[in-house]
**Student:** 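Mind having a look at this structure? Questions to follow.
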Amino acid sequence: MARALLKIHRYFRRKPVRFFSFIILYLTAGSLVFLHSGFSSDSSTSGSGSGRDPVISEGRAGVASPTSDGLGVIGRVFKETQRAPRRFRPPWMKENGVQDAPEWAVRGDYANSWNHGAKGRTTKEMDDGRAKYIGCYVDDTQKRALRGVSFFDYKKMTVFRCQDNCAERGYLYAGLEFGAECYCGHKIQASNVSESDCNMGCKGEKTNLCGGPNRLSIYRLELSQESARRYGSAIFKGCFKRPDNVTLALPVSAVIQNMSVDKCVDMCTEKEFSLAALAGEKCHCGFPTPLFTLHDHEDEELCVHRCAGEDFDSCGNNDFFVVYQTQVQDNRCMDRRFLPTRTKQQVALASFPGAGNTWARHLIELATGYYTGSYYFDGSLYNKGFKGERDHWRSGRTVCIKTHESGKKEIEAFDASIIMIRNPYKALMAEFNRKYGGHIGFASQAHWKGKEWPEFVRNYAPWWASHTLDWLKYGRKVHVVHFEDLKRDLFSHLKSMVLFLHLEVFEERLLCVEGQKDGNFKRSGLRKLEYDPYTPEMRANIDGLIKTVDTALKKRNMSGVPDEYRPR
């Protein structure tokens, strides 16, 4: 035994051998820890049921419904990657304290106005603010009732998951079949049947029904303001009155036999126009201009006129046009550059994190044609086209500077400021999503339900109020913009921001911005949680902060916070 120990001792005294031996032991230990954590996370994830959405497949009309014998083989779920919790203390918080899915909004009754296949049918109303149940429908595997994307989850399918996946992709309808299949679409191309045919419980919640064999339980979705009603790749813009001078407003037109939305959109896309306007048998193409701004929406009932080549869609008429935005990019506002001469006026674009600062920068750059800068440096933003991100914030080559700072010294370094304010309930959730999911991602259920969320609200909610209060107190020249107001009326509020920057306003450029407003940093609709993450104590605290900010704004002779901020 002594000889064996002596040999081992002499072995490790040889330095090169000892070094590489330790490396091997270290890697082996690390591998064992990694494998152990992997098995642990798999077991905990499967137990908690917090998986990511399964594979989303583009709609294939001929995909047959699987039988129960194949459920174990077909059911696939991508598990969520678990990350270690991070503390929420940002670098600009002092040692002694704190230094774009949007609610589901009710849109017009699209089914009653446009979908003639759903008219006059008895429906079971289940309106929860995000979707309305409209009935049980036949689904043919050779000719699907809903022909958008589809996905399957034979373990954890729920009504909400199906609705959420369809809504965030801009579809009008979500249908569940066979307890585990989800189909999305813009129109229902099938007849409805007795409610008793939709009798299968959802795999993820037995208390709700998810269709049946070749039967769909269909919901009409109340799309969020961020979501867009789509027809294939085209975005539905609405019903509009015929412009006074249609030849100038929409310079290209053609009569199309057996008119359909597809045919008009394809023609305008091929001719490289961003707008396709359907007027009965005629298709017009163009761009938004002062002659046809798309600002004055008409009642969609005025545009109801069946397409000659479609049974379910409306193609408008001679007096009222149905307008779609194609995938052609409007390049009238895409050019951007640095200021030709350096400015000595430093203008801040100040906001609490999660209040839409990056989105506002995107809008300002498109509206003015000049880059915005940043008090920080974010490589991901630079790679996405914010070229002013790399400049020092005092370079004078950018029109305004992004900042989240709120100290007296930092504020007084700027000559003027645009302050972006957002409803704290939404801003806190947006910033929490950013921290745990990136600029356009989402935090996981584990983070929402863990200790991170309460800690985040405790630290950040007071900062939401103190940020605005400090800028109102120390800012030299202040222009306040509410995120919600900018969303509701982008044209006028963005125009006022450009004027505040002492730059020339180009109306056609602003109209172009409206069509490119989302950019690369819009989440696919703020994914609504199935529960309220705010406790009564959190709400009481935040409501008090809202009142404080509202009072401070009114003392500066500004309008108070928008009504949706106010305590409910």
**Student:** Determine whether the aromatic ring centres of residues Phe273 and Phe287 are separated by less than 6.0 angstrom.
**Tutor:** yes
**Student:** Side-chain polar contacts of residues 390-401 - donor-acceptor pairs under 3.5 angstrom, sequence neighbours left out - could you list them?
**Tutor:**
| residue | atom | partner | partner atom | Å |
| --- | --- | --- | --- | --- |
| Arg390 | NH1 | Tyr382 | OH | 3.2 |
| Arg390 | NH2 | Tyr382 | OH | 3.4 |
| Asp391 | OD1 | Arg397 | NH2 | 3.0 |
| Asp391 | OD2 | Ser395 | OG | 3.2 |
| Asp391 | OD2 | Arg397 | NE | 2.7 |
| Asp391 | OD2 | Arg397 | NH2 | 3.1 |
| His392 | ND1 | Arg394 | N | 3.0 |
| Ser395 | OG | His392 | O | 3.2 |
| Ser395 | OG | Arg397 | N | 3.3 |

**Student:** Do Met420 and Asn357 have side-chain heavy atoms sitting under 4.5 Å apart?
**Tutor:** no
**Student:** Under 4.0 Å between a side-chain nitrogen and a carboxylate oxygen: does that hold for Lys344 and Asp415?
**Tutor:**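 Judged by the 4.0 Å cut-off on N to carboxylate O distance, Lys344 and Asp415 do not form a salt bridge.
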**Student:** Check whether any side-chain heavy atom of Met334 lies under 4.5 Å from a side-chain heavy atom of Gln329, and answer yes or no.
**Tutor:** yes
**Student:** Knowing that exactly one of Tyr375, Tyr376, Trp471 qualifies, which makes a side-chain hydrogen bond (donor to acceptor under 3.5 Å, both in side chains) with Glu405?
**Tutor:** Tyr376
**Student:** So do the side chains of Thr535 and Trp453 get within less than 4.5 Å of each other, counting heavy atoms only?
**Tutor:**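 Thr535 does not reach Trp453 side chain to side chain.
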**Student:** Check each of Trp359, Tyr565, Tyr425, Phe352 against Phe483 using the ring pair (Phe, Tyr, Trp, His ring centres under 6.0 Å) test, and report the only one that passes.
**Tutor:** Trp359
**Student:** Is the closest basic N to carboxylate O distance between Asp485 and Arg488 below 4.0 Å?
**Tutor:**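 A salt bridge links Asp485 with Arg488.
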**Student:** Checking salt bridge (charged side-chain N to carboxylate O under 4.0 Å, His left out) for the pair Lys408/Asp470: CA distance, chi angles, key distance, verdict?
**Tutor:** CA-CA 7 Å; Lys408 181 176 183 294; Asp470 284 353; over 6 Å; no
**Student:** Which label fits Phe338 and Tyr371: parallel for a plane angle under 30°, tilted from 30 to 60°, or perpendicular past 60°?
**Tutor:** tilted
**Student:** Taking Cys333 and Cys512, which are both Cys, do their SG atoms fall under 2.5 Å of each other?
**Tutor:**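 Disulfide present: SG-SG distance under 2.5 Å.
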**Student:** With a 4.0 Å cut-off on N to O distance, would you call Glu431 and Lys426 a salt bridge?
**Tutor:** no
**Student:** Looking at Thr343 and Gln345, would you say the former's side chain and the latter's main chain have a donor-acceptor pair under 3.5 Å?
**Tutor:** yes
**Student:** Is the backbone N or O of Val561 less than 3.5 Å from a side-chain atom of Asp550, with the two atoms forming a donor-acceptor pair by type?
**Tutor:** yes
**Student:** One thing to verify: whether Lys384 and Asp378 come together as a salt bridge, which I'm taking to mean a side-chain N less than 4.0 angstrom from a carboxylate O.
**Tutor:** no
**Student:** Test Tyr370 against every option in Arg337, Glu365, Arg336 by the side-chain hydrogen bond (donor to acceptor under 3.5 Å, both in side chains) rule and name the one that passes.
**Tutor:**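 Answer to the side-chain hydrogen bond (donor to acceptor under 3.5 Å, both in side chains) test with Tyr370 among Arg337, Glu365, Arg336: Arg337.
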**Student:** Main chain of Gly354, side chain of Arg434: is a donor-acceptor contact present, judged purely on distance under 3.5 Å?
**Tutor:** no
**Student:** Within a strict 4.5 Å, meaning less than it, do heavy atoms of the His479 and Val481 side chains meet?
**Tutor:**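 Yes, close enough: below the 4.5 Å cut-off.
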**Student:** Supply the atom-to-atom distance Arg220 CZ to Leu172 CG, rounded to the nearest 0.5 angstrom.
**Tutor:** 9.5 Å
**Student:** Looking at Phe500, does the NZ or CZ of Lys477 lie under 6.0 angstrom from its six-membered ring centre and within 45 degrees of the ring axis?
**Tutor:** yes
